Student: 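Here's a structure for you.
Bear in mind that the values here come from a model prediction, so they are computed numbers and not experimental data. Counting convention: from 1, in listed order, for ligands and their atoms alike.
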Amino acid sequence: MKKRILALSLTAAMALSLAACGGGTGNTTESGAPETTTGGSETTTVANKDKPLVWFNRQPSNSTTGELDMAALTFNDNTYYVGFDANQGAELQGTMILDYIKAHIDEIDKNGDGIIGYVLAVGDIGHNDSIARTRGVRAALGTAVEKDGVIDSTPVGTNVDGTSTFVQDGTLEVNGKTYTVRELASQEMKNSAGATWDAATAGNAITTWASSFGDQIDIVASNNDGMGMAMFNSWSKANEVPTFGYDANSDAVAAIAEGYGGTISQHADVQAYLTLRVLRNALDGVDIDTGIGTADEAGNVLTDDVFYYDEATRSYYALNVAVTADNYESFLDSTVTYEPVSNQLDAAEHPVKNVWLNIYNSADNFLGSTYQPLLQKYDDLLNLNVEYIAGDGQTESNITNRLSNPGAYDAFAINMVKTDNAASYTGILGQ
Ligand code: BGC
């Protein structure tokens, strides 16, 4: 309850800026549901600008500076972001790789040159999650350099000779022996059409890198499993080079049995639930914490070891867990709903509502093989009729064009192509 009160006062404080973009209190039914209501001869409909809106996976922000787009995050009283704690996850990923190196120090330096060389696949240089993961790996391995007070996340291209100024050679002492750690190569995996986090590009990159300095590559690291698995299948599996990704997609977890080094679960099972749950609560006109931090009547509730809510940014963040050879067996199916929030809501109390939801890139492994299957399970449990719109990963207008009839929906869930582009959506809803 306290959280809700704070949310309202924050909203009140922002009333002026909201007024400018048309935010305000929606028309609601007695139960609080923002739907068409009939009062005598008068029919009132909730304006699109007042309908619940959740941003997910790509937090509205400036892709150059990382600064959050607060206008988008506070578009109306029922606007939220759902993602995960990028920094905590990035640190975990870095630590997981470092721990692996230490535990396998006797066999890791394949050519015995005293240099532990790694390559890194970068997802999207303008995406907070990608930037955090690059920083996390560099911080843990001692290769990070600071620029303007933060770790530089610029890809090095190739750095086989160790002269890049975006990174430095790290030093690692294990069992009394000192090793150098070097980022041999890294690049943004963007295809020629502009799609980022592109697995095929990563598969090609590792082949190119390996053909010129393969004997120096001791570790392959990736900002996600889609790219990580492409590199594993193209090269590192056959060459027995441990490869580390992020997302805990089912195929990557299964590959741990075949030498994939490890991955990070960003608790997509919790995020997918939160994505739809905040809309459900807003549509029901109940406290936003219902079924989240506070149990609902069906018993759904999350504990604070799997998520937290940041009032100031109206953002829900799931917490990450490392998945390695030690525990991977319990992560083999990434599409299983999270048990504590898997109870069906009563359709009489929570009538069916229509939600417009887009996935920015239908070819994205994480979103397609993990997130969307989870959403599709939760939409049944929460009585939401969700229309899934698949984007091409490159063109925002390809998606926004399919938001041509927002009046047909009660709520919206948006996954932008580019984190700067929130206004392309709110512009449509605000009309
Ligand atoms: C995931 C990536 C995915 C990206 C898409 C990230 O959070 O980890 O795998 O490609 O989101 O926006």
Student: Consider ring pair (Phe, Tyr, Trp, His ring centres under 6.0 Å). Of Phe331, Tyr316, Tyr338, which one does His267 pass it with?
Tutor: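 Exactly one option meets the ring pair (Phe, Tyr, Trp, His ring centres under 6.0 Å) with His267, and it is Tyr338.
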Student: List ligand 1 atoms under 4.0 Å from Trp197, heavy atoms only on the residue side.
Tutor: 2 (C), 4 (C), 10 (O)
Student: Looking at Asp296 and Arg280, is there a salt bridge between them, counting it only when a charged N and a carboxylate O are closer than 4.0 Å?
Tutor: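 Salt bridge between Arg280 and Asp296, a charged N being under 4.0 Å from a carboxylate O: no.
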Student: Which class fits the ring pair Tyr317 and Tyr308: parallel under 30°, tilted 30 to 60°, perpendicular over 60°?
Tutor: tilted
Student: Please check whether Arg58 reaches ligand 1 - meaning an N/O of the residue sits under 3.5 Å from an N/O of the ligand, judged on distance alone.
Tutor: yes
Student: Please report whether ligand 1 has a polar contact with Asp364, defined as an N or O pair separated by less than 3.5 Å (distance criterion only).
Tutor: yes
Student: Report the nearest protein non-hydrogen atom to atom 12 (O) of ligand 1: residue, atom name, distance rounded to 0.1 Å.
Tutor: Asn57 OD1, 2.5 Å
Student: Any Lys/Arg nitrogen of Lys237 or Glu258 sitting under 4.0 Å from an Asp/Glu carboxylate oxygen of the other?
Tutor: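 Yes, charged N to carboxylate O under 4.0 Å.
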Student: Applying a strict 4.0 Å limit to heavy atoms, is Gln59 in contact with ligand 1?
Tutor: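 In this structure, Gln59 fails to qualify as a contact of ligand 1 - no heavy atom is under 4.0 Å.
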Student: Where's the contact between Met189 and ligand 1, heavy-atom distance under 4.0 Å: side chain, backbone, both or neither?
Tutor: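 Neither part.
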Student: My understanding is that we take every heavy atom of each candidate and find the minimum distance to atom 8 (O) of ligand 1. Doing that for Thr370, Asp247, Asn365, which one comes out nearest?
Tutor: Asp247
Student: Is any side-chain heavy atom of Phe84 closer than 4.5 Å to one of Leu274?
Tutor: no
Student: Taking only heavy atoms of Asp129, which atoms of ligand 1 are found under 4.0 Å from at least one of them?
Tutor: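 Contacts of ligand 1 toward Asp129, numbered from 1: 6 (C), 7 (O).
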Student: Against heavy atoms of Phe84, which atoms of ligand 1 measure under 4.0 Å?
Tutor: 7 (O)
Student: Under 3.5 Å, is there a donor-acceptor pair linking the side chains of Thr324 and Tyr100?
Tutor: no
Student: Are any of the side-chain heavy atoms of Asn159 and Phe166 separated by less than 4.5 Å?
Tutor: no
